[in-house]
Number of protein chains: 2
Amino acid sequence: MNAKERRTARHRPAPAEETRPRRRRDPITVDQVVETALGIIATEGYDALTMRRLSAALDTGPASLYAHVVNKADLDELLIGRLCARLTLPDPDPATWRDQLRGVCEALRDQYLQYPGISRAALAMAPTDLEALRVSEGMLAILLAAGIAPQRAAWTIDALLLYVAAHCLELSVAHRRAEDGDEVWPADRTDLLHRLTTLPAAAFPHTTRHAAELTAGTPHDRFDFTVRLMINGLA
Amino acid sequence: MNAKERRTARHRPAPAEETRPRRRRDPITVDQVVETALGIIATEGYDALTMRRLSAALDTGPASLYAHVVNKADLDELLIGRLCARLTLPDPDPATWRDQLRGVCEALRDQYLQYPGISRAALAMAPTDLEALRVSEGMLAILLAAGIAPQRAAWTIDALLLYVAAHCLELSVAHRRAEDGDEVWPADRTDLLHRLTTLPAAAFPHTTRHAAELTAGTPHDRFDFTVRLMINGLA
DNA sequence: AACTTGACACGAACGCTGTTCGTTTCTAGA
DNA sequence: TCTAGAAACGAACAGCGTTCGTGTCAAGTT
């Protein structure tokens, strides 16, 4: 079976798993590729995940990967699919639907944050991946059980998933830039606070006055705030 | 003056403009670089904006660009800065603050959409760029005039700006993938609808049942919905 | 008027990327 | 035992961002 056939098969309802013949002493499997890739991302970040780096970690050359994966984009999809597969979706409970929905978002966020920068792959992914669809199906179940209109539910889910990915991407970018010693990037919160307060007060009256609020809060605080904002807007 | 000095100068309050001596018949200026880059993005997309492609459009070699720009990241920042500079910010009016805020978001979205994929640069940008700060200052003014607490206002602005960028990024990715004839990517709305309805109903009961709602709405409808969702959540 | 200075332009190269071609290797089924 | 064919892989290609060393030419100084 071709690797490209495998990809299209992943987007069909029933991807039949099957044991294949093996050649090597430790023949490479797609699972191995995905797991190794996640390991690289976890320790070195998504930018370090190149086909060469990955193939080296698997003790082979770049060309060998293309027997298991169509593209880097395809690999990205596999990675996100693996992350989505890890999420446990709650049984919809109309009494606690807000907390349930927030819980799913936070679980997804935690998965993303565990693999810095991987959310970039999520943002570029096809909307028909089965594991990703499983997550949105679960979120849809929660919202419908809560009595939200299907149209509003669908759009809210998209908005939430988009925000989660974007939020994690922003965090990973900030983290990478900060530790690379970028001059332009503020080193820490006090640095950013200082830059905002020293802006010309004439052109930036509110920014300078409320610099404290602008720089306040942990990333989790901001995430929690925004998710609540969107969920509250539903009612 | 070095290009790196110029960059740090752009992050300081008062970037003094100055006429410089010229060498070439048509010496390259930063303005020229930025405008040419925007032209390339507008017609060929952000992915086509490489240092080589840009330098070729300016009738020179890649190395020449680095006299005016520190990095590609620096160029990205200039591009987003230019876009932000084009936005006209309204005088805060407590009576229509929701519409005003939505208007700013839509104007920013339209700028992003005019240059497909450029929002990727926005997501990776330093939060201290002067033109970008001008925009958030304007949004902050609207929210504060409306009586929103500074802390909530600040976080809401970040959430909105993040969503606008992410939304446009998602649109550009979808557009590029669709016109590249990607097999995995749904060609159009009916294609996506068909894929969702043919999912196994046992595992995806809600997705299959409400596939129509899931695929309904223009991108602008979804954008409008989400922005309203966040703004309404404020009250 | 000749000279020094230094910013800008630029050709060539480096190390890296994703991807492909052609070949070799080795197992599963006939 | 033999063969078909999938997997593995070495080598290469075109392209990327970036840097180095050098060339060039106008402005300011002597």
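Letters go in sequence order (proteins before strands), and every chain restarts at 1. Just so it is clear, the model here is predicted, and its values are computed rather than measured. Atoms considered below: every heavy atom in the structure, side chains included; atoms not considered: hydrogens, waters and symmetry mates.
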Q: Would you kindly say whether D188(A) and T190(A) are connected by a side-chain donor-acceptor distance under 3.5 Å?
A: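 The answer is yes; a qualifying pair exists.
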Q: Expressed in angstrom and rounded to an integer, what is the separation of L65(B) atom CG from dT18(D) atom C1'?
A: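 It is 11 Å, rounded to the nearest whole Å.
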Q: Describe the nucleic acid contact of T50(A) in one word from base, sugar-phosphate, nothing, applying a heavy-atom distance below 4.0 Å.
A: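 Sugar-phosphate contact only - T50(A) comes under 4.0 Å of backbone atoms but never of a base.
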Q: Go through dG10(D), dA9(C), dT18(D) for me and flag the one nearest to the M51(B) side chain.
A: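 The listed nucleotide nearest to M51(B)'s side chain is dT18(D).
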Q: R102(A) vs D224(A), test: salt bridge (Lys or Arg N to Asp or Glu O under 4.0 Å). Steps then yes/no.
A: CA-CA 8 Å; R102(A) 247 188 37 243; D224(A) 190 71; 3.5 Å; yes
Q: On DNA chain C, compare the nucleotides closest to D47(A) and A63(B); which residue's is nearer the 5' end?
A: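 With D47(A) and A63(B) compared, the 5'-side residue is A63(B).
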Q: Can you see if the side chain of T60(A) gets near the phosphate of dA8(D) - specifically, an N or O under 4.0 Å from OP1 or OP2?
A: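 Looking at the OP1 and OP2 atoms of dA8(D), neither is under 4.0 Å from any side-chain N or O of T60(A).
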Q: Just checking, R120(A) and Y46(A): is the charged tip under 6.0 Å from the six-membered ring centre and within 45° of the axis?
A: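 R120(A) over Y46(A) ring: no.
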Q: Describe, in one word, how the ring planes of F223(A) and H167(A) are oriented to each other, choosing from parallel (under 30°), tilted (30 to 60°) and perpendicular (over 60°).
A: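 The rings of F223(A) and H167(A) sit tilted, inter-plane angle from 30° to 60°.
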Q: Whole Å only: how far is the OH atom of Y66(A) from the P atom of dG18(C)?
A: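 Going from OH in Y66(A) over to P in dG18(C) covers 7 Å.
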Q: Rounded to the nearest angstrom, tell me the gap between atom NZ in K72(A) and atom P in dC16(D).
A: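 About 18 Å, once rounded to whole Å.
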Q: Using OP1 and OP2 only, check whether a side-chain N or O of N71(A) sits under 4.0 Å from dG18(C).
A: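 Negative; the distance criterion is not met.
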Q: Could you state the atom-to-atom distance from CZ of R53(B) to C1' of dT18(D) in whole Å?
A: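 The answer, rounded to whole Å, is 20 Å.
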Q: Roughly, in whole Å, what's the span from CD in Q32(B) to C1' in dC8(C)?
A: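 So the CD-C1' distance, Q32(B) to dC8(C), works out to 14 Å.
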Q: Can you say whether a donor on the side chain of R52(B) sits under 3.5 Å from an acceptor on the base of dG15(D), or the other way round?
A: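 Per atom types, no contact qualifies.
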Q: Measure CG/D180(A) against P/dT18(D) and give the value in whole Å, please.
A: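 Rounded to whole Å, this separation is 13 Å.
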Q: How many whole angstroms separate atom CG of L49(B) from atom P of dG15(D)?
A: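 My rounded result for the distance is 17 Å.
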Q: Measure from the side-chain heavy atoms of H68(B) and tell me the nearest of dC8(C), dA8(D), dC10(C).
A: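 My answer, after comparing the listed nucleotides, is dC8(C).
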Q: Without decimals, in angstroms, what is the distance between D59(B) CG and dG11(C) C1'?
A: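 After rounding, the reported distance stands at 15 Å.
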Q: Compare all side-chain heavy atoms of L130(A) with those of L199(B) and state whether any distance is below 4.5 angstrom.
A: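 Counting from C-beta outward, L130(A) and L199(B) do come under 4.5 Å.
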